[in-house]
Amino acid sequence: MENGVISTKAEGFLSRMALNDNKAGMEGLDRDKINKIIMESSKGSRFYENELKKEEQVNQRIEKMMLQKAKITEQHLKKAQAQVDRMATELERSRDLSRVIVHVDMDAFYAAVEMRDCPELKDKPMAVGSMSMLSTSNYHARKYGVRAAMPGFIAKKLCPDLVIVPTNFDKYRAVSKEIREIFAEYDPHFQPLSLDEAYLDFTDHLDQRQSWPDTLRIAPNMMLAKVCSDKNKPNGQYRLPSTKEAVMDFVQNLPVRKICGIGKVSEKMLNALGISNCFHLSQQMALLSLLFSETAWHHFMQVSLGLGSTHIPRHEERKSMSTERTFREMSKTEEQLSLCRELCEDLAEDLKKEGLKGKTVTLKLKNVKFEVKTRALTLPYAVATVDEIFAVAKDLLKTERDNESPLPLRLRLMGYRLEKAEGLGGEQDW
DNA sequence: GCGGATCAG
DNA sequence: ATGGCTGATCCGC
């Protein structure tokens, strides 16, 4: 029993904190050595303690799921299988292989821009970000296990020669603009996902020119195109043929973690059921339909059949806008209040740029133990100005302070979000 | 509607 | 000493 607990904890550490070799450029490095260094620089920190706590919650979720699984009868499963089969037939009828979808993803984008502007960096391990957090790293640095979303001080331990370049968003935005102008030539309705990523529908373009560009990752739908864009990095290309056989073959060998929407936690839950790739996923669909929500298993179903959107949606209207900031411990009421005011000013300014309003104000707090809390209030009318927002924001903060009283709120992050409320009348007020 | 969680980039 | 920020969505109240 004692041993069981300890090994669960060790496993928990690995799944949540350990090196993620999902990314390109992470093949064939010394995982054990890297994980040991990450572990040593993490152990005992408040961040790490909180990660352990979160991991324990995930383990409990899994335990609950396993108990549910144990209660499922053969009869139950048979019935579910019949429903799954019916749905598969239905979905199969909707399969559309006539579109050509491309997902473009700039390789190590921020790092590439910095190396372009400072060629000496090309031969060195480098990353973009700060000692607190890295946005991305070049391929030299990846050999040491240095990757995006890793704090710089840990990266420095993995690779003491690492050069950390501060982020320069204006520059990346400018390059992104150039890139998007090129995208528009191929598909005027392309959908940008971030500064360095976009979906393009190439179907019409290819009808006009007959030559096949072999410079891109191509597939018959968005889900597949996204996965393909990860293949043969860097500088490699991949085209998934538009046949059902090719698609099914491709999808069956795919680890579930590669699927957009399946993250660390979902992966761990699926793994607990013996599911690690999409072949297992399709084999266990009846079981999944009984253990997961409808939305979740329908998504699994689509994925296991290699289906995805064949039309790129037009850019949706934004639903919320937020601003948050991390700082060193702040416990004084007056300081917190003036920060609250500052954040409201920033938010109001951002809202003004887009001419937006919102009905729901949400306060986000993270204490020095990395515990996150949100507190929201929905108004009967939409607000946008600093004073309107601040009036609500300061009350939300006060309520939290009163809740904790007489202990002070020992904060490391504060943020505010304004949201368009659902329901009738939401549209005209936003 | 609220709050916690997950996910992506 | 240093463990981010923004936006979306889902689940279970």
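Naming: A, B, ... by sequence-line order, numbering from 1 per chain.
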Quiz item: Any idea which of dG3(C), dT6(B), dC2(B) is nearest the Arg16(A) side chain?
Solution: dT6(B)
Self-check item: Pairs involving residues 372-381 of chain A, ordered by first then second residue, that meet salt bridge (Lys or Arg N to Asp or Glu O under 4.0 Å) (sequence neighbours left out)
Solution: Lys373(A)-Glu400(A), Lys373(A)-Glu404(A), Arg375(A)-Glu400(A)
Quiz item: Of all the choices, dC7(B), dT6(C), dG1(B), which nucleotide is nearest to the side chain of Ser266(A) once you look at every atom?
Solution: dC7(B)
Quiz prompt | Lys54(A) or Arg375(A), whichever maps to the more 5' nucleotide of DNA chain B | solution = Arg375(A)
Self-check item: For atom CG of Leu365(A) and atom C1' of dC2(B), their distance in whole Å
Solution: 15 Å
Self-check item: Pairwise P distance for dG3(C) and dA8(B), with rounding to whole Å
Solution: 24 Å
Exercise. Please determine if a side-chain N or O atom of Ser132(A) lies less than 4.0 Å away from the OP1 or OP2 oxygen of dA1(C).
Key: no
Quiz item: Which of these nucleotides, dG3(C), dC11(C), dT6(C), is closest to any side-chain atom of Lys364(A)?
Solution: dT6(C)
Self-check item: Shortest non-hydrogen contact from Lys258(A) toward Leu254(A)
Solution: CB-CG, 4.2 Å
Quiz item: Of all the nucleotides listed (dT6(B), dC2(B), dA8(C)), which has the minimum atom distance to the side chain of Arg318(A)?
Solution: dA8(C)
Quiz item: Out of Arg412(A), Lys53(A), Arg46(A), Lys366(A), which one pairs with Glu371(A) under the side-chain hydrogen bond (donor to acceptor under 3.5 Å, both in side chains) rule?
Solution: Lys53(A)
Quiz item: Once you round it to whole Å, what is the distance between C1' of dC11(C) and CG of Leu291(A)?
Solution: 16 Å
Practice problem: Look at the side chain of Ser293(A) and decide which nucleotide, out of dC11(C), dG1(B), dA8(B), has an atom nearest to it. | Solution: dC11(C)
Exercise. Check the distance between dT2(C)'s P and Lys366(A)'s NZ and give it to me in whole angstrom.
Key: 13 Å
Quiz item: Looking at dG3(C), does its base get a donor-acceptor pair with the side chain of Ser42(A) below 3.5 Å?
Solution: yes
Quiz item: Which nucleotide sits closest to the side chain of Lys373(A): dC5(C), dC7(B), dG4(B)?
Solution: dG4(B)
Quiz item: Quick one: which of dT6(B), dG3(C), dG7(C) gets closest to the side chain of Ser322(A)?
Solution: dG7(C)
Quiz item: Glu419(A) has an atom CD; how far is it from atom C1' of dA8(C), in whole Å?
Solution: 10 Å
Exercise. Look at Glu55(A) together with Lys264(A) and state whether they make a salt bridge at an N to O cut-off of under 4.0 Å.
Key: no
Quiz item: Start at the 5' end of DNA chain C and walk down; is the nucleotide closest to Glu294(A) or to Thr323(A) reached first?
Solution: Thr323(A)
Practice problem: Start with the C-alpha gap between Glu324(A) and Ser322(A), add the side-chain angles, then the distance that decides, and say whether side chain to side chain donor-acceptor pair (under 3.5 Å) holds. | Solution: CA-CA 7 Å; Glu324(A) 67 186 54; Ser322(A) 68; 5.3 Å; no
Practice problem: May I ask you to evaluate whether Thr362(A) reaches the phosphate of dC2(B), defined as a side-chain N or O under 4.0 Å from OP1 or OP2? | Solution: no
Quiz prompt | Closest approach of Cys260(A) to His299(A) (non-hydrogen atoms, all atoms of both residues) | solution = O-CE1, 3.6 Å
Quiz prompt | Short side-chain N/O contact from Thr295(A) to OP1 or OP2 of dC11(C), under 4.0 Å | solution = yes
Quiz item: Taking CD1 from Ile262(A) and P from dC10(C), how many angstroms apart are they, rounded to a whole number?
Solution: 15 Å
Self-check item: Under 4.0 angstrom between Ser320(A) side-chain N/O and dA8(C) OP1 or OP2
Solution: yes
Exercise. Tell me which nucleotide among dC7(B), dG7(C), dT6(C) gets nearest to the side chain of Glu324(A).
Key: dT6(C)
Quiz item: Which nucleotide sits closest to the side chain of Gln57(A): dG7(C), dT6(C), dA5(B)?
Solution: dA5(B)
Exercise. Could you state the atom-to-atom distance from CD of Glu197(A) to C1' of dT6(C) in whole Å?
Key: 15 Å
Quiz item: Which listed nucleotide (dG3(B), dG4(C), dA5(B)) is nearest to the side chain of Arg61(A)?
Solution: dA5(B)
